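What you see is a predicted model; the values in this text were computed from it and never measured.
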Amino acid sequence: MTTKQRIYWVSLIAGAGLCLDQLSKWFASYYLNGWQMTSYWFDLVRLGYRENSGVFLSLGSELPPLLRSVLFIGVIGLLLVAILMYTLKGAELNRNQVTGLSLVLSGGVSNLIDRVLNNGAVIDFLNLGLGEFRTGVFNIADVAILCGAVMVILFTSHNHHVATQKT
């Protein structure tokens with residue numbers, strides 16, 4: 001992919017993911033009851049508004065506010081800039097890897113926007129599970145980050161395997 005094609009592809013994927021996540025968070029904040037989970041589809045899905053000041057499964061939510069801001073806004077912001085630069089300039093990346101990194105960017109930027117606009121917290125509203133086996137509460141950005149990371153891992157190990165076979 002040329003740099004121009006990458007810019008277009010990253011903008012398309014990351015922009016769509018960012019819009020979808022921000023729209024879903026607006027919906028959650030406007031329509032869902034605060035802190036009350038409502039069950040759907042035989043309790044497979046629960047929806048309810050939550051604010052998470054930590055990261056994955058609220059890790060770091062007990063840190064002092066200044067340290068949380070430095071880590072979850074400053075450091076993650078710099079990491080997202082580095083991922084963007086690598087995604088646009090990494091000559092060895094294929095379209096699947098660029099797509100995966102674009103998904104990571106879309107989720108990361110959307111959660112970063114939440115933190116900046118929502119006093120350091122991210123809006124979460126989804127919970128999945130069967131009976132006692134349930135996920136933590138998450139959002140669409142978290143799904144994008146997870147799917148993107150899995151894509152990068154799968155298509156990187158596949159490329160390594162193909163390269164090894166060719167030599």
Side-chain angles (χ1 to χ4, degrees), residues 1-30 32 47-128 135-160 163:
M1 295 177 82
T2 66
T3 301
K4 188 175 181 179
Q5 289 171 324
R6 282 181 195 233
I7 291 170
Y8 173 77
W9 192 246
V10 170
S11 298
L12 182 69
I13 300 296
L18 179 92
C19 289
L20 180 63
D21 182 62
Q22 287 296 307
L23 184 62
S24 68
K25 289 173 179 174
W26 171 84
F27 175 85
S29 64
Y30 191 77
L32 298 179
L47 298 177
Y49 182 86
R50 300 280 193 279
E51 290 184 0
N52 179 5
S53 60
V55 290
F56 178 72
L57 297 176
S58 297
L59 293 173
S61 62
E62 299 300 320
L63 293 172
L66 179 60
L67 183 55
R68 274 199 327 262
S69 292
V70 168
L71 291 175
F72 302 155
I73 295 174
V75 172
I76 288 177
L78 290 173
L79 180 62
L80 290 169
V81 169
I83 291 171
L84 175 62
M85 298 309 295
Y86 178 65
T87 303
L88 296 177
K89 297 294 184 183
E92 72 283 357
L93 297 174
N94 62 40
R95 184 181 293 268
N96 292 322
Q97 292 167 316
V98 171
T99 301
L101 289 168
S102 298
L103 287 169
V104 170
L105 283 167
S106 75
V109 169
S110 192
N111 280 341
L112 188 65
I113 289 169
D114 271 15
R115 290 191 190 284
V116 169
L117 298 179
N118 198 26
N119 200 25
V122 170
I123 296 171
D124 289 333
F125 58 92
L126 289 163
N127 176 269
L128 304 175
T135 65
V137 182
F138 60 96
N139 58 45
I140 302 297
D142 299 334
V143 174
I145 292 167
L146 179 64
C147 290
V150 168
M151 282 184 73
V152 170
I153 291 166
L154 287 177
F155 290 107
T156 300
S157 61
H158 173 72
N159 284 348
H160 178 70

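With sequence neighbours excluded, the residues forming a side chain to side chain contact (heavy atoms under 4.5 Å, CB included) with L79 are I83, listed by chain and number. Looking at residues two or more places apart in sequence or on another chain, you find a side chain to side chain contact (heavy atoms under 4.5 Å, CB included) between L117 and I113. Residues meeting the side chain to side chain contact (heavy atoms under 4.5 Å, CB included) test with V152, sequence neighbours left out: L101, T156. Scanning for side chain to side chain contact (heavy atoms under 4.5 Å, CB included) contacts around N119 gives an empty result, with sequence neighbours left out.
Summarising the geometry, atom CG belonging to L47 is positioned 9.0 Å from atom CG belonging to N127; distances are rounded to the nearest 0.5 Å. Rounded to the nearest 0.5 angstrom, S110 OG and L18 CG are separated by 4.5 Å. One finds the CG atom of L154 at 10.5 Å from the CD atom of Q97 (value rounded to the nearest 0.5 Å). Going from atom CZ of F72 over to atom CG of L67 covers 7.5 Å, rounded to the nearest 0.5 Å. Here CD1 of I76 is found 8.5 Å from CG of N111. Values are rounded to the nearest 0.5 Å.
Nearest heavy-atom pair, M1 versus Q5, reported as atom, atom and distance to 0.1 Å: CA-OE1, 3.3 Å. N94 approaches F155 most closely through the heavy-atom pair ND2-O, 4.3 Å. Among all heavy-atom pairs drawn from L88 and R6, the shortest one is O-CD, 3.3 Å. Contact detail for W26 and S29: the closest heavy-atom pair is O-OG, 3.0 Å. Here the closest non-hydrogen pair linking L32 and Y49 is CB-N, 4.0 Å. Nearest approach of K25 to A141, heavy atoms of both residues: NZ-CB, 4.2 Å.
When side chains are defined from C-beta on, E51 does not count as touching D114, because their heavy atoms never get closer than 4.5 Å. The side-chain heavy atoms of D21 and N139, taken from C-beta on, include a pair separated by under 4.5 Å. Two residues are said to be in side-chain contact when any heavy atoms from C-beta on lie closer than 4.5 Å; L126 and D142 fail this criterion. Within the 4.5 Å cutoff, the side chain of C147 has heavy atoms near those of the V143 side chain. Contact of the L105 side chain with the L80 side chain is registered, since non-hydrogen atoms from C-beta on lie closer than 4.5 Å. Counting heavy atoms from C-beta outward, Q22 and I140 have side chains that stay 4.5 Å or more apart.
Between the side chain of R68 and the backbone N or O of S61, at least one donor-acceptor pair lies under 3.5 Å. The closest donor-acceptor contact from the side chain of S53 to the backbone of G120 lies at 3.5 Å or more, if one exists at all.
For residues 78-90, the set of pairs meeting the side-chain hydrogen bond (donor to acceptor under 3.5 Å, both in side chains) definition, not counting sequence neighbours, comprises Y86-E92.
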What donor-acceptor contacts under 3.5 angstrom involve side-chain atoms of residues 7-15, with partners at least two apart or in another chain?
residue: W9; atom: NE1; partner: T99; partner atom: OG1; Å: 2.6
residue: S11; atom: OG; partner: I7; partner atom: O; Å: 2.7

